[in-house]
Amino acid sequence: MQFPIYLTFKQFTDNAPAERRAQPWQVSWNDYLAWTELFSHRTFEMAREQIPAGAPAEGVDGFARTVITEGIMRAHFGDDWFDSVYNEEKSSRTTKAFFYPNAAYEELAELTHHRKEELARRVHQLQYADWFDLVVAKVASGDALSGVAFELDAALYLMNLPMNVEQKPASGEREGKGSDSGRSYDLRFWVSDPPKAVEVKAKRDDTPFTKKTIDSSIKDASEQIPEGESGFVFLRLPPAWVGQGFEDTYADYLGAALRPRAEKSTRSRVSVVFSAVDKISTSPGGRKVVTRVWQPFKSEWCPQDDWKLAMDLKQFQEAGLTAMAPPDPF
């Protein structure tokens with residue numbers, strides 16, 4: 001029994017009749033979402049038919065999600081990339097300290113599975129964006145999946161509110177590191193004019209937790225935000241950092257890193273830092289579970305409107321009010 005074949009949005013529209021191809025992309029996107037819902041439903045049905053009766057429901061659903069995840073990534077990036085990078089049995093430069101093939105520990109195996117599912121979700125959800133070709137180019141060029149994945153996470157987090165999100169060109173087209181012009185930020189979005197800059201930093205899992213690590217991350221991020229503006233920094237932290245006393249120590253390090261050291265310091269350009277960490281816990285049934293936790297941190301220089309926006313984003317995320325964002329494929 002063969003599972004239904006996943007189609008990208010482009011494949012779906014290219015295969016549509018001429019009159020449907022001529023309609024506004026928003027209409028085509030809604031048609032595609034309806035098709036995706038049927039595709040997902042059928043995949044889950046077929047997974048249940050293939051798994052022996054009496055098998056745990058979470059195992060059956062997990063199997064269906066894996067089928068959909070792999071279909072999404074193959075369709076968007078090709079079989080060669082999927083086999084040599086995404087599903088490779090050894091870590092590569094692209095996946096190092098992000099995926100853990102053949103992990104010896106259940107925690108790392110579940111973390112890898114979770115990250116693969118979440119990346120596939122973001123790719124599906126954001127493929128309609130006019131900047132999605134930049135994502136494909138980054139992946140094709142061998143950019144670390146850790147950074148690409150978190151940029152998509154940050155974009156989707158912002159889309160929980162009705163706003164326009166743009167992605168900047170790949171690193172080869174951006175200003176050099178340390179440029180004081182601040183034009184090489186990763187994302188920008190509109191609530192009102194002018195657009196607000198967003199810099200995204202994903203710390204590799206093998207990064208040590210030190211005051212210097214936090215300080216250099218904030219310094220580098222602040223230099224990308226345009227002079228005379230305030231901007232947001234999204235920072236993903238390694239799961240291994242979580243432990244006794246981490247939250248208090250991290251807040252102290254972050255507060256110190258945001259404090260300007262000189263009159264022309266770029267650190268004052270950062271109004272809010274959104275920290276994200278994937279916490280690994282054990283469910284009542286004994287399974288390892290990964291949960292993404294977001295926490296905004298307000299700088300001393302944060303404009304009132306920036307902090308209100310940060311609180312709105314946090315409340316929407318925590319309450320599950322994500323209807324404004326592109327829907328999940330499974």
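On a predicted model such as this, the values are computed, not experimentally measured, just so you know. By convention here, the first residue in the shown sequence is residue 1.
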Just by modelled atom types, is the K211 backbone N or O under 3.5 Å from a matching donor or acceptor in the D215 side chain?
-> no

Transitive ILVMFWY cluster of Y100 at side-chain heavy atoms under 4.5 Å: who else is in it?
-> Y105, L108, L111, I280, V290

Distance col, row S84:OG vs K90:NZ, nearest 0.5 angstrom, shows 14.0 Å

So R292 and E118, salt bridge (charged side-chain N to carboxylate O under 4.0 Å, His left out) or not? Walk me through it.
-> CA-CA 10 Å; R292 167 64 59 84; E118 291 302 299; over 6 Å; no

Does a side-chain heavy-atom distance below 4.5 Å link R74 with D79?
-> yes

Got a sec, which pairs hit ring pair (Phe, Tyr, Trp, His ring centres under 6.0 Å) with one end in residues 245-289, sequence neighbours left out?
-> Y157-F274, F209-F246, F209-Y253, F232-F274, F234-F274, F246-Y250

Give a yes or no on whether Q304 atom CD has more than 12 heavy-atom contacts from other residues, nucleotides or ligands under 6.0 Å away.
-> no

To the nearest 0.5 Å, atom CZ of F99 lies from atom CG of L119 at 5.5 Å

Distance from L254 atom CG to L258 atom CG, nearest 0.5 Å?
-> 5.0 Å

Using the side chain to side chain donor-acceptor pair (under 3.5 Å) rule, pick out the option among R121, H124, R122 that qualifies with D328.
-> R121

Compare all side-chain heavy atoms of P101 with those of T112 and state whether any distance is below 4.5 angstrom.
-> no

Q295 and K314: side chain to side chain contact (heavy atoms under 4.5 Å, CB included), yes or no, with the steps?
-> CA-CA 8 Å; Q295 185 60 49; K314 182 176 188 289; 3.9 Å; yes

Without swapping roles, check the side chain of T8 against the backbone of A75 for a donor-acceptor pair under 3.5 Å.
-> no

Under 3.5 Å, side chain of S299 to main-chain N/O of C302, donor-acceptor pair present?
-> yes

So does D61 pair up with R65, basic N to acidic O under 4.0 Å?
-> no

Can you check whether E89's main-chain N or O pairs, donor with acceptor, with N102's side chain at less than 3.5 Å?
-> yes

For V85 and S92, the nearest pair of non-hydrogen atoms, with its separation, is CG1-OG, 4.4 Å

Establish, yes or no, whether a centroid distance under 6.0 Å links the rings of H76 and Y86.
-> no

Parallel, tilted or perpendicular: which fits the ring planes of F63 and F3, with parallel below 30° and perpendicular above 60°?
-> perpendicular

Residues E88, R93: salt bridge by 4.0 Å N-O rule = no

When rounded to the nearest 0.5 angstrom, what distance separates CG in L158 from CG in D153?
-> 11.0 Å

With R259 via side chain to side chain donor-acceptor pair (under 3.5 Å) - residues at least two apart = E300

If you measure only the distance, is there a donor-acceptor pair under 3.5 Å linking the side chains of H41 and E37?
-> no

Electrostatic pair R21-D14, nearest N-O below 4.0 angstrom | no

Closest non-hydrogen contact found for V165 with W131 is O-NE1, 2.8 Å

Please tell me if the side chains of M73 and K116 come closer than 4.5 Å, counting only heavy atoms from C-beta onward.
-> no

Step through the shown structure and confirm whether more than 12 heavy atoms of other residues, nucleotides or ligands are within 6.0 Å of CG on D80.
-> no

Heavy-atom side-chain contact between T266 and I225 under 4.5 Å | no

Run the salt bridge (charged side-chain N to carboxylate O under 4.0 Å, His left out) check on K288 and E106 step by step: do they pass?
-> CA-CA 7 Å; K288 297 299 178 184; E106 187 181 353; 5.3 Å; no

Determine whether P329 and Y6 make a side-chain contact, defined as any pair of heavy atoms from C-beta on separated by less than 4.5 Å.
-> no

Checking salt bridge (charged side-chain N to carboxylate O under 4.0 Å, His left out) for the pair R48/E45: CA distance, chi angles, key distance, verdict?
-> CA-CA 5 Å; R48 296 184 186 105; E45 274 190 340; over 6 Å; no

Should D31 and Q23 be marked as a side chain to side chain donor-acceptor pair (under 3.5 Å) after you check the CA-CA gap, both sets of side-chain angles, and the distance that decides it?
-> CA-CA 11 Å; D31 290 344; Q23 63 190 6; 3.1 Å; yes

Ignoring hydrogens and geometry, is there a side-chain-to-backbone donor-acceptor pair from R267 to A257 under 3.5 Å?
-> yes

Side chain to side chain donor-acceptor pair (under 3.5 Å) pairs, two or more places apart, involving residues 228-241 = S146-R236, K196-S230, S230-D306

Using the rule that two of Ile, Leu, Val, Met, Phe, Trp, Tyr join whenever any of their side-chain heavy atoms come within less than 4.5 Å, decide whether V289 and V277 are in one cluster.
-> no

Hey, mind stepping through T210 and T213 against side chain to side chain donor-acceptor pair (under 3.5 Å) and telling me if it holds?
-> CA-CA 5 Å; T210 66; T213 295; 2.8 Å; yes

F9/Y128 aromatic ring centres below 6.0 Å = no

Go through the steps for H114 and E110 under the test side chain to side chain donor-acceptor pair (under 3.5 Å), then give the verdict.
-> CA-CA 6 Å; H114 174 81; E110 180 57 31; 5.4 Å; no

Same cluster (ILVMFWY, side-chain, under 4.5 Å), F82 and L152 = yes

Would you call M159 and Q125 a side-chain contact if the rule is heavy atoms closer than 4.5 Å?
-> no

From NZ (K10) to OH (Y32), nearest 0.5 Å = 12.5 Å

D252 meets the side chain to side chain donor-acceptor pair (under 3.5 Å) criterion, sequence neighbours left out, with none

Carefully, step by step, assess F132 and V123 under the rule side chain to side chain contact (heavy atoms under 4.5 Å, CB included).
-> CA-CA 9 Å; F132 186 72; V123 166; 3.7 Å; yes

Give the ring-plane orientation class for F77 versus W81, where under 30° counts as parallel, over 60° as perpendicular and anything between as tilted.
-> tilted

Any side-chain heavy-atom pair from P238 and D206 closer than 4.5 angstrom?
-> no

Which atom of A202 lies closest to which atom of F150, heavy atoms considered = CB-CB, 4.0 Å

Applying the side chain to side chain donor-acceptor pair (under 3.5 Å) test to S217, which of K203, E199, K201 qualifies?
-> K203

Are any non-hydrogen side-chain atoms of M311 and P296 less than 4.5 angstrom apart?
-> yes

Which residue pairs satisfy the ring pair (Phe, Tyr, Trp, His ring centres under 6.0 Å) criterion with at least one member in residues 306-330, sequence neighbours excluded?
-> none

Could you state whether W301 and V272 fall into the same hydrophobic cluster, counting links through intermediate Ile, Leu, Val, Met, Phe, Trp or Tyr residues with side-chain heavy atoms under 4.5 angstrom apart?
-> no

For the pair L161 and D312, evaluate side chain to side chain contact (heavy atoms under 4.5 Å, CB included) and give the outcome as yes or no after the intermediate values.
-> CA-CA 8 Å; L161 290 176; D312 287 344; 4.0 Å; yes

In Å, rounded to the nearest 0.5 Å, how long is the span from CZ of R115 to OG1 of T69?
-> 15.0 Å

